[in-house]
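In what follows, a single structure is set out as structure tokens and then discussed.
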Amino acid sequence: MTLPSESAVFDRAGKALDEFQIEIPSWGFANTGTRFGKFVQAAAASTLEEKFADAAEVNRLTGATPTIALHVLWDLPGGMADVGELKQLEQRFGMSAGSINPNLFQDQQYKFGSLCNPDAGIRRQALEHVFDSIEIAKATGSRDVSLWLPDGSNYPGSQSMRNRIAWLEESLRVAHEALAPDQRLLIEYKPFEPAFYHTDIGDWGMASHLARAAGEQARVLVDTGHHYNAQNIEQIVAWLLHTGLLGGFHFNDRRYADDDLTLGSIDPYQIFRIFHELQCDETLRAPTECVPNAVAFMIDQSHNLKGKVEATVQTVVTAQELWLKAALIDREQLARHQQACDIVAAEELFRGAFWTDVRPLAAAWREARGLHPDPLAALRESGYVERMARERGSRTSAVSSYA
Ligand code: RM4
Ligand code: MN
Ligand code: MN
């Protein structure tokens, strides 16, 4: 690959990192595990205050994570009554509430589904929870209400897929009506789990249809872990950009299923390819900008074995590096190669950006902003995790079901 002159690269890199922000999930700081068990960490956060403290530490180290995604039931169990405390935490830690995630998968009544439950009363309760979540999002000034459903069935013939489509369309349309003009409803899809025969929003086609049916402010949310092996996610991203339906991402990595491993740990090239599609789009705004077509970048991971804050910092740094690599692609030159069908030249240019070691550029960008050049090393030097382990260690006996 022909590298542009040093300073041109530096400029482009700096701009790319300036515009790159990614939202971190509150649940990434809590004790989590698998269905086989949980390994409790002394430093894990168990209150909203502790999650804010951890999130603020990640932002202090990376300068790229000013917002924290919240799960209503885990973080705001009192609903609107908890928003006052939340606002104080925002002030105290210099962090803002990000996307609001309704929780339609834990209560006992959702055994046979939430918005697709055959029982109209349960569908109504689920919808009420979505309304409550929208109200919370209005109170916190959150643009995005991010909806993931556990709905589906385990056995062929046991449910009417057609009925459930109709119920879902109706619920989402009604939920959409409750949005403020600057809010969005993000619809996440997932091919299986917890349901293993059919999932009511199984892929991006179903999510796209539902977003269109719901209304103008509905978009699709792509969780990178929610795809079958070998699925071409960047092509899905290209289609969603083309149709104006891409709302945001839940980034994570996977080897087999919805593994929720740290971004780029298994297949960094895939994230690079997704970032390339995003950077090709001229209408793409900075991820946090409040415009309808802004694409929200969020992390959705649970760190079962790694230290929570450390894993989150590692994730953000990896995301920055991959974003930077994608920014190094000379897209004008690439377009010429594509037009000429010069396969190898196009591929080498593309791969060349991926193989460029951008870590020195990222370090220089950080230093220019008064940040430590190596956030992971800075975390270790700070002793933050050890301090939290000492302070929180005695309180980690209560482990909630998922996060
Ligand atoms: C789901 C999905 C949702 C997340 C829950 C906990 O698989 O990824 O986004 O909130 O897990
Ligand atoms: Mn997700
Ligand atoms: Mn998931």
Side-chain angles (χ1 to χ4, degrees), residues 22-35 38 45 51 67-77 97-107 110 113-116 126 129-130 133 136-137 142 144-152 184-196 199-204 206-207 210-211 219-229 231 233 236-237 240 246-263 265-266 271 274 295-304 308 312 315 319 399-403:
I22 193 160
E23 185 164 305
I24 46 181
S26 69
W27 53 99
F29 300 114
N31 270 316
T32 50
T34 68
R35 61 200 170 101
K38 294 178 181 70
K51 291 170 186 174
T67 61
I68 174 168
L70 301 168
H71 243 290
V72 172
L73 228 56
W74 299 332
D75 299 320
L76 305 160
S99 62
I100 299 295
N101 294 251
N103 187 313
L104 297 171
F105 49 90
Q106 265 183 306
D107 287 356
Y110 299 141
S114 61
L115 295 175
C116 305
H129 179 69
V130 177
S133 304
I136 289 171
S142 298
D144 293 332
V145 174
S146 181
L147 197 66
W148 173 72
L149 305 181
D151 295 44
R184 310 189 306 174
L185 185 65
L186 303 184
I187 302 172
E188 183 171 355
Y189 58 90
K190 180 172 180 173
F192 63 91
E193 199 206 17
F196 291 112
T199 293
D200 287 296
I201 314 178
D203 67 20
W204 70 281
M206 300 174 207
L210 290 166
R219 297 282 185 283
V220 176
L221 186 142
V222 178
D223 183 315
T224 46
H226 292 192
H227 298 87
Y228 292 114
N229 284 333
Q231 220 168 343
I233 302 175
I236 294 172
V237 171
L240 289 172
L246 183 63
F249 287 90
H250 274 177
F251 285 113
N252 51 53
D253 212 337
R254 54 78 64 87
R255 178 71 182 87
Y256 296 102
D258 188 22
D259 307 341
D260 283 343
L261 300 178
T262 46
L263 176 153
S265 57
I266 303 287
I271 303 290
I274 291 172
V295 176
F297 290 0
M298 300 173 269
I299 294 166
D300 184 6
Q301 293 174 179
S302 60
H303 313 112
N304 301 335
K308 322 282 178 189
T312 311
T315 300
V399 179
S400 66
S401 68
Y402 179 79

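Order of appearance sets the numbers: ligands from 1, and atoms from 1 within every ligand. Below, each value reflects all heavy atoms present in this structure, side chains not excepted, and no hydrogens, waters or symmetry copies. Quick caveat: nothing in here was measured; it's all calculated off a predicted structure.
Residue-ligand proximity, Asp258 to ligand 1, at heavy-atom distances under 4.0 Å covers atoms 7 (O). Atoms of ligand 1 lying under 4.0 Å from at least one heavy atom of His250, given by number and element, are 9 (O). Ligand 1 places these atoms under 4.0 Å from at least one heavy atom of His226: 2 (C), 7 (O), 8 (O). Residue-ligand proximity, His71 to ligand 1, at heavy-atom distances under 4.0 Å covers atoms 10 (O). The contact set between ligand 1 and Lys190, taken as ligand atoms under 4.0 Å from a residue heavy atom, comprises 7 (O). Within the listing of ligand 1, atoms 8 (O) sit less than 4.0 angstrom from a heavy atom of Asp223.
Between the side chains of Asp300 and Trp27, at least one donor N or O sits under 3.5 Å from an acceptor N or O.
To the nearest 0.5 Å, atoms CG (Asp151) and OG1 (Thr199) are separated by 9.0 Å. The line from NZ of Lys38 to CG of Asn31 is 9.5 Å long, rounded to the nearest 0.5 Å.
The closest donor-acceptor contact from the side chain of Asp75 to the backbone of Pro77 lies at 3.5 Å or more, if one exists at all. In this structure a side-chain-to-backbone donor-acceptor pair under 3.5 Å is present from Ser142 to Gly98.
Remark: of the listed residues Ile201, Asp223, Asp258, Asp203, Asp258 is the sole one forming a side-chain contact (heavy atoms from CB on, under 4.5 Å) with Lys190. For the side-chain contact (heavy atoms from CB on, under 4.5 Å) with Ile299, the qualifying choice from Asp260, Ile22, Asn252 is Ile22, the only one to do so.
Under a 4.0 Å heavy-atom criterion, Asn101 is not in contact with ligand 1. The closest approach between a heavy atom of Glu193 and any atom of ligand 1 is not below 4.0 Å.
Around the Mn ion (ligand 2), the protein N, O or S atoms found under 2.8 Å comprise Glu188 OE2, Asp223 OD2, His250 ND1, Asp300 OD2.
In this structure the side chain of Val222 never reaches within 4.5 angstrom of the side chain of Trp204, judged on heavy atoms.
Proximity of the aromatic rings of Phe105 and Tyr110 is defined here by a centroid distance below 6.0 angstrom, and this criterion is not met.
In this pair, Phe251 and Phe249 present their aromatic rings parallel. The plane angle is below 30°, not in the 30 to 60° band.
The shortest N or O to N or O distance between Asp300 and ligand 1 is below 3.5 Å.
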